[in-house]
Chemist: 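The structure under discussion is supplied below as structure tokens; questions concerning it will follow.
Worth knowing before you read on, the calculation uses all heavy atoms, side chains too, and leaves out hydrogens, waters and symmetry mates. Quick note on labels: first sequence line is chain A, next is B, and so on, each numbered from 1.
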Number of protein chains: 2
Amino acid sequence: MDPMALGKDYAQQQCSIARALEVVGERWTLLLVRDAFYGVRRYSDFLAHLGAPRAVLAARLQALVEIGVLERRRYQESPPRDEYVLTERGLALWPVLWSLGSWARTELPGTLPMRHFHHADCGTELGPGGACPACGLPVPPADVEMRPGAGLDPDPADPVGRALLRPRRLLVPLETAWTDRLDRGAGPRELSPSAVRLQGGETGGTEEVTG
Amino acid sequence: MDPMALGKDYAQQQCSIARALEVVGERWTLLLVRDAFYGVRRYSDFLAHLGAPRAVLAARLQALVEIGVLERRRYQESPPRDEYVLTERGLALWPVLWSLGSWARTELPGTLPMRHFHHADCGTELGPGGACPACGLPVPPADVEMRPGAGLDPDPADPVGRALLRPRRLLVPLETAWTDRLDRGAGPRELSPSAVRLQGGETGGTEEVTG
DNA sequence: TCGGTCAGTTCAATGAACGAACTCAACCTA
DNA sequence: TAGGTTGAGTTCGTTCATTGAACTGACCGA
């Protein structure tokens with residue numbers, strides 16, 4: 001009857017928060033979006049890092065693409081391979097992730113900080129609201145540098161977790177074991193996987209990121 | 001084996017966001033917290049407004065009390081009645097709710113705004129990050145006034161929804177049909193249900209709110 | 001004593017999530 | 001060209017969570 005057709009809807013809730021939760025409120029969804037901010041783009045990398053069942057991951061990816069949080073784009077033709085990249089709409093979820101992480105860090109006891117987030121331009125650690133206390137301005141995710149914290153497992157089982165041990169800028173495509181087979185010709189240059197795959201298009205970001 | 005014992009845990013996720021979602025990521029939980037911000041405090045009011053199954057509501061309330069997001073407090077002895085009130089830890093979730101609602105309002109198309117949030121001190125509608133554009137400062141939830149928007153159903157089925165049609169300050173205990181039977185002696189004075197029940201303690205807020 | 005309210009609990013049916021196995025196309029390599 | 005591998009899923013039986021309806025039990029008011 002109801003043509004809304006969103007996966008798990010919250011019936012007659014007259015509320016923007018409920019609408020948001022219909023889109024990103026299901027299990028695994030926000031962690032998937034988090035990984036997308038961390039630079040994860042490929043099905044197998046999401047799978048390795050999240051540990052979600054394959055069927056759930058496939059369903060969530062498809063739903064997020066349909067809603068416009070992620071964009072699925074072909075990055076090579078043979079064999080055909082797609083990657084999932086945050087759109088503008090997906091990038092706008094950064095405050096949600098920030099506030100959730102911020103809440104857990106300050107309000108849930110008994111854990112060392114896992115990761116620190118810094119303003120890449122000036123190096124200052126981000127403050128309340130994800131803003132830079134030094135510059136006094138909100139920092140878009142593309143300008144955030146993530147650094148490992150004391151609470152982080154120093155030797156994660158999955159390659160994605162290992163790649164995320166090093167300081168990284170958010171949204172920069174992740175390099176995992178799968179790229180190791182590609183640097184026959186890439187050599188020691190600081191090319192991102194996307195740049196390698198696209199044979200030197202943009203400098204490693206997406207339109208949304210660099211724009 | 002794992003002594004973590006949180007309802008739905010996200011296995012070996014080394015991440016504050018995952019920790020937060022273990023606490024508030026289950027279905028209904030964030031909507032329940034939202035209602036607590038709106039002034040809902042009683043089981044039957046949560047039930048009427050959320051439409052969640054009774055068993056789920058009872059489980060969520062208990063979990064949130066155990067984690068310290070809500071406090072369960074006795075407000076009358078005969079018959080014994082408890083109310084669920086946000087603690088400091090719960091109040092700290094306001095940015096999460098704000099950012100979720102804000103994202104849905106700006107990024108999800110096709111709906112009129114349901115509610116507007118204003119800085120109660122100066123009347124300005126809140127801007128990005130839940131801050132007051134006029135005063136330039138973040139506004140704590142206790143200083144937020146909620147006003148109905150154009151997208152709101154003007155005649156909700158449940159009494160809680162009806163009570164939320166009028167402009168209200170967040171966190172002020174909600175008056176529903178159940179209080180109608182109490183204003184035998186309360187008269188036209190502007191006493192909140194809590195104040196009535198407590199026979200005139202604070203001016204209507206809780207320690208956490210006024211502190 | 002009767003009926004009603006509030007705040008739950010119990011329980012059968014349904015729906016998601018889980019994990020292991022399977023598919024399928026395309027490449028690699030011998 | 002046969003055989004193996006990889007990436008990206010799909011299928012499917014089991015387990016777990018959610019749902020909605022009915023039930024419980026303390027208390028009140030008439």
Chemist: Give one of base, sugar-phosphate or nothing for F46(B), where a contact means two heavy atoms less than 4.0 Å apart.
Modeler: nothing
Chemist: Does the side chain of S44(B) get closer than 4.0 angstrom to OP1 or OP2 of dA7(C) through an N or O atom?
Modeler: yes
Chemist: Could you go through D158(A) and H49(A), starting from their C-alpha distance and side-chain angles, then the distance that decides it, and tell me whether this counts as side-chain hydrogen bond (donor to acceptor under 3.5 Å, both in side chains)?
Modeler: CA-CA 6 Å; D158(A) 65 299; H49(A) 194 232; 4.6 Å; no
Chemist: When you check the gap from the basic side-chain N to the acidic O, do R81(A) and E83(A) get nearer than 4.0 Å?
Modeler: no
Chemist: Looking only at side-chain atoms of A55(A), point me to the closest of dA8(D), dT11(D), dC6(C).
Modeler: dT11(D)
Chemist: Rounded to the nearest angstrom, tell me the gap between atom OH in Y84(B) and atom C1' in dG8(C).
Modeler: 8 Å
Chemist: May I have the distance from R54(A) (atom CZ) to dC22(C) (atom P), rounded to whole angstrom?
Modeler: 14 Å
Chemist: State whether W28(B) places a side-chain N or O below 4.0 Å from either non-bridging phosphate oxygen (OP1 or OP2) of dA17(D).
Modeler: no
Chemist: Starting at CG of L47(A) and ending at C1' of dA20(C), how long is that distance when rounded to a whole Å?
Modeler: 13 Å
Chemist: Among the nucleotides dT10(D), dT18(D), dC27(D), which one has an atom lying closest to any side-chain atom of A58(A)?
Modeler: dT10(D)
Chemist: Starting at atom OH of Y43(B), determine the distance to atom P of dT9(C), rounded to an integer number of angstrom.
Modeler: 8 Å
Chemist: Do you know which of Q76(B), R41(B), R74(B) makes side-chain contact (heavy atoms from CB on, under 4.5 Å) with D82(B)?
Modeler: R74(B)
Chemist: To the nearest 0.5 Å, tell me how far L100(A) CG sits from R105(A) CZ.
Modeler: 10.5 Å
Chemist: When the distance from CZ of R72(A) to P of dA8(D) is rounded to whole Å, what number comes out?
Modeler: 9 Å
Chemist: Rounded to whole angstroms, how far apart are CZ on R81(B) and P on dC27(D)?
Modeler: 10 Å
Chemist: Find which nucleotide of DNA chain C each of V56(A) and S78(A) is nearest to by heavy atoms, and output the residue with the more 5' nucleotide.
Modeler: V56(A)
Chemist: Starting at atom CG of L61(B), determine the distance to atom P of dG8(C), rounded to an integer number of angstrom.
Modeler: 7 Å
Chemist: Compare all side-chain heavy atoms of R19(B) with those of Y10(B) and state whether any distance is below 4.5 angstrom.
Modeler: no
Chemist: Measure the distance from CZ on R60(A) to C1' on dA17(C) and round it to the nearest whole Å.
Modeler: 8 Å
Chemist: Which is more 5' along DNA chain C, the nucleotide nearest A59(B) or the one nearest A52(A)? Just name the residue.
Modeler: A59(B)
